[in-house]
Amino acid sequence: MSEKPIGWKGKKIKEMLEESNDLFNETQHYYGIDTLKFKEHDPFRYERAYASLRGALVSARETALHVAASPIVKEIGELCFALYTPEGDSIVVSTGILVHVHTMSEAIKFMIREDYEDDPGINPGDIFLNNDPDCGNVHTTDVQTIIPIFWEDELIGWAGGVTHEIDIGGITPGHVLMSSIQRFDDGVYYTCKKIGSNNRIWKDHMITAKKSVRTPMYWELDEKCRLAGDLMISDAVIEFIKIEGIDYYKQFIREAIEEGTRIFKKRVIERLIPGRYRAVSFIDQVGEWEAWQPKAKVNKIYNQPLEIISDENGKLNLSFDGASACGYNSVNCGVGALSGATWVLLTQILIYGDKVNDGAYFAVNNYFPKGSWANPGDPYLSYQNPWANLIPAYSCMMKCLSYGLFSRGYREEVFSGYGLTRDAIQGGGRYNAGPLEGQLWMLSTFEISGQGLGASAVRDGLNWGYAMWNPESDLGDVETWELFQGGVPYLARKVKPNNAGHGKYRGGSNYGGIAFVANSKDVEFFGIAEGLVFSGAGGMHGGYPQPTAYRLIAKNTNLKEIFENQQDYPLWDPDPANGEFERLLKGDIIRKPYAQMYPISLDNYDMFHWCMSGGPGYGDPLERDVKSVEQDLNDGIYTEEKVNYIYGVVAKFNKEKEEWIIDEKATQERRKEILNERKEKSMTFEEFWEKERNKIVENQLIKPVKRMYKESLELSDKWKKNFLEFWNLPEDFTVEVD
Amino acid sequence: MVKYDKKTLEMMIEGKLSWEELRLIISGRKDADRFEKILEILQERVSWPEKIILPLHEHLYIVLKENNRIVKCDCGFEFGNYNENWKTKCRVRVRDTFETIEELYLKDMGSDPTWQELREYLCPGCFTLLDVEAVPPGYPTTFNFLPDIDTFYEKWLGKQAPDK
Ligand SMILES: [Zn+2]
């Protein structure tokens with residue numbers, strides 16, 4: 001235990017944190033800094049200083065992942081590093097899974113508030129480990145290593161690194177677990193725990209940690225990777241101080257954050273319009289049909305309404321008021337994860353290419369209603385899959401800001417949204433043959449980093465290349481995934497037709513995959529994706545949401561005989577109504593319209609299909625350029641029938657040229673016909689209102705929908721007021737779930 | 001200072017810029033006069049005389065009409081005061097059956113209509129599809145964007161709104 005306080009000027013760091021908060025609340029400037037003295041006095045030195053620290057962070061990340069790292073971390077860079085002030089505010093960040101920059105900030109603040117300075121002590125060379133969503137993390141699977149940085153006997157900052165693990169020792173194998181419903185299912189928990197001193201990880205920790213997960217080797221590699229990166233950052237900061245001096249460093253880090261805040265507000269004023277923005281998204285939960293645990297047997301639709309007020313000073317006020325209740329399932333979301341998501345999307349939409357740090361966090365007010373999925377306030381619930389709420393909910397933010405960007409004229413910055421990070425098929429098994437016989441393998445494909453991006457206001461969405469949580473997303477190489485999921489070799493990967501959200505500009509498309517179980521025993525398999533509702537805030541300005549996922553599995557197949565006889569096996573599932581599995585396989589073919597699936601057992605030669613998400617569309621599909629539609633047909637993005645119905649495009653397949661050719665004249669006719677059909681099949685808003693209201697008052701709603709209304713009405717007076725006013729319902733109106 | 005000529009911006013609006021051209025605009029610094037330039041381009045394109053004060057949507061504009069700020073479609077249809085949700089003046093087509101949802105999506109790749117329906121909001125003038133909502137049955141219509149026009153003009157652009 002240290003005798004003398006480790007803060008600046010003889011203060012304890014808790015006092016520094018309080019002082020920082022007080023000064024910010026008083027002045028609305030970070031640490032009360034109202035002029036950027038260093039930047040104004042010597043901008044070249046200031047910018048060079050920032051660039052040198054930023055360079056050190058990027059280089060630490062690039063080097064660390066080559067020192068040691070599990071395949072996910074190495075292949076697609078599922079890691080990031082950041083440098084923090086003594087109070088835990090990020091100054092500079094590396095590239096990578098940036099969602100975690102702010103989550104580690106919350107962990108440092110947790111240690112400060114809990115008086116770690118007194119007990120267990122914060123000393124040079126100490127190493128702390130955190131993966132607890134109750135102190136800032138997203139889910140246990142993201143593991144953070146945080147070390148203090150000292151200059152003489154003062155704490156001058158923290159270095160933090162995070163990696164995403166393949167397995168975290170939870171209720172089943174996997175990295176985002178479906179069947180977790182309480183904290184005790186979530187795997188191993190480290191709540192800001194000291195795990196080393198003198199820059200070495202304690203042996204007793206490593207022994208316990210490796211026995212706590214199903215992938216001990218990857219755990220050790222990643223732990224070394226994070227520590228290596230942190231130590232490089234620490235060295236770089238010491239070098240920085242040797243060059244620039246400690247006084248410069250101390251003032252510089254605060255100015256850099258204040259500048260981050262200013263850059264953010266300036267960007268808002270430069271790019272958006274002040275006003276009120278609203279969007280809403282949903283996700284389905286099918287516990288009633290899938291869960292094992294009695295208290296998890298509930299079907300739900302999660303309400304994810306977002307309101308953003310952009311005020312006259314460029315500050316954004318975010319509110320999830322009206323969000324559905326938390327519960328016994330894996331999709332609860334802690335405040336740190338939400339702040340991290342706010343921050344990571346802002347770095348993509350507004351503050352890319354400039355000083356990216358917690359300054360942006362200080363320019364945003366968040367309201368996360370207690371008791372909702374967005375801030376349950378109960379550490380004993382499960383936080384294994386907050387992404388299921390977080391990812392669709394934040395597509396609302398992308399859409400809201402896009403309304404502003406559009407009105408301001410920056411149409412190239414508009415995005416209608418993005419696809420859910422899915423199809424998160426997972427599980428694992430044990431090899432029962434081959435060179436690895438007896439060893440465990442994990443199914444944990446990180447292809448999920450490559451989803452469809454929504455269309456913008458001037459072009460189509462990016463195909464198979466977007467993840468909201470990592471601006472550098474990449475679907476990786478099959479060969480790498482097969483290294484650790486060798487029990488389920490790939491049979492095929494193929495573009496999935498009709499998988500992109502419709503619109504004048506279509507959403508990004510995506511592909512489906514097929515794999516089978518080989519050389520294994522004790523295989524568990526499960527999956528997570530939306531299924532009965534569209535994920536995210538839908539399309540924009542007349543564009544449609546991207547399609548939903550579904551589940552397709554074949555058990556007790558004749559695949560072995562098919563291989564032996566060299567016959568055809570399914571390579572894809574282009575149309576679930578006319579299945580290739582049904583056509584080519586013998587066995588039990590299981591299709592489910594929903595895609596959240598609790599673990600089942602699979603045997604050798606069982607097969608499964610999964611599908612990555614497309615992105616939402618932008619604008620009226622009837623305005624899509626016919627040449628683009630022709631291209632879509634020839635690329636297998638859409639099929640002729642859908643293109644005719646939705647885009648009003650008539651095309652014929654030319655067998656000689658082996659390509660689709662548009663019939664321009666028939667297309668014009670067809671488009672006119674669709675406009676007429678719109679007249680006939682639509683009603684006035686008043687008629688719509690009456691019909692829709694009857695669905696509520698005449699008890700036509702199914703249980704999960706009623707449950708959603710009941711929860712939102714009970715959790716928020718404001719949401720309730722809006723709902724009752726809109727439908728002209730009496731004040732004592734309630735929804736009962738029978 | 002970055003500036004783009006009108007032709008470039010017009011081509012962008014029409015979706016005619018190549019990826020190479022567009023990429024430079026996306027990754028570059030922004031042109032501070034964009035709002036004014038786009039306003040000018042849009043005003044030239046509409047067939048009616050009212051002054052546009054804020055573009056709201058691919059087809060909708062907040063315009064000045066007899067000193068009122070109203071929402072107007074490029075086809076000429078008027079949706080009323082911008083403070084009210086223009087969607088409540090639309091014609092609406094609801095897809096709340098498997099049959100109508102599967103016209104757009106393959107089986108199992110659209111929502112289950114008892115969980116979530118699709119609402120298509122159409123302009124009563126030109127029947128352009130202006131918005132699609134995917135919401136559970138009984139969900140209130142969302143008012144997506146209510147701009148604070150006076151603050152925008154006075155505080156952010158540093159000038160009076162055109163009707164002030
Ligand atoms: Zn119209």
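Since this is a predicted model, take the numbers as computed values, not measurements. Every chain is numbered from 1 and lettered A, B, ... according to where its sequence line falls, protein lines coming before strand lines.
Between B:Val132 and A:Pro545, the shortest heavy-atom distance links the atoms CG1-CD, 4.2 Å. The heavy-atom pair separating B:Leu106 from A:Lys642 by the smallest distance is CD2-CE, 3.9 Å. For the pair A:His541 and B:Leu56, the tightest heavy-atom approach, listed with the atom from each and the gap, is NE2-O, 3.8 Å. Heavy-atom minimum distance, A:Phe723 versus B:Pro140: CD1-CG, 3.6 Å. Nearest heavy atoms, B:Ala134 versus A:Phe534: CB-CD1, 3.9 Å.
A salt bridge links A:Glu412 to B:Lys30: one of the charged nitrogens lies within less than 4.0 Å of a carboxylate oxygen. Between B:Glu120 and A:Arg678 there is no salt bridge, since no side-chain N of the basic residue sits under 4.0 Å from a carboxylate O of the acidic one.
Side-chain contact between B:Lys107 and A:Tyr550: absent, with no pair of heavy atoms (C-beta onward) separated by less than 4.5 Å. Side chains of B:Glu133 and A:Val280 form no contact here, defined as non-hydrogen atoms less than 4.5 Å apart. Using a 4.5 Å heavy-atom threshold, the side chains of B:Cys90 and A:Phe685 count as separate.
Interface summary for chain B: among A:Tyr410, A:Tyr352, A:Tyr277, the most heavy-atom pairs under 4.5 angstrom belong to A:Tyr410. Among A:Thr684, A:Ile269, A:Val533, the residue with the largest count of heavy-atom pairs under 4.5 Å with chain B is A:Ile269. Per-residue counts of heavy-atom pairs under 4.5 Å with chain B were compared for A:Met540, A:Arg271, A:Glu270; the largest is that of A:Arg271.
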| field | Trace of the side chain to side chain contact (heavy atoms under 4.5 Å, CB included) decision for B:Met109 with A:Asn499 | value | CA-CA 8 Å; B:Met109 288 171 72; A:Asn499 197 21; 4.0 Å; yes

| said: Checking A:Ile273 against B:Leu54 for the side chain to side chain contact (heavy atoms under 4.5 Å, CB included) test, could you report, in this order, the C-alpha distance in whole Å, the side-chain angles of both residues, the deciding distance, and whether it holds? | reply: CA-CA 10 Å; A:Ile273 306 279; B:Leu54 196 79; 3.7 Å; yes

| request: For the pair A:Phe282 and B:Tyr139, evaluate side chain to side chain contact (heavy atoms under 4.5 Å, CB included) and give the outcome as yes or no after the intermediate values. | output: CA-CA 12 Å; A:Phe282 306 90; B:Tyr139 206 85; 3.8 Å; yes

| task | List the steps and the verdict of side chain to side chain contact (heavy atoms under 4.5 Å, CB included) for B:Trp115 and A:Tyr594. | result | CA-CA 11 Å; B:Trp115 289 62; A:Tyr594 57 83; over 6 Å; no

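Atom CZ of B:Arg45 is surrounded by more than 12 heavy atoms from other residues, nucleotides or ligands within 6.0 Å.
Side-chain atoms of B:Arg34 come within 3.5 Å of backbone atoms of A:Gly409 as a donor-acceptor pair (strictly under, hydrogens ignored). Under the 3.5 Å distance criterion, the side-chain polar atoms of A:Trp727 are matched with a main-chain donor or acceptor of B:Gly138.
Of the atoms belonging to B:Leu60, not a single heavy atom falls under 4.5 Å from chain A.
The cationic group of A:Arg276 lies under 6.0 Å from the six-membered ring centre of B:Phe143 and within 45° of the ring axis, placing it in a cation-pi geometry.
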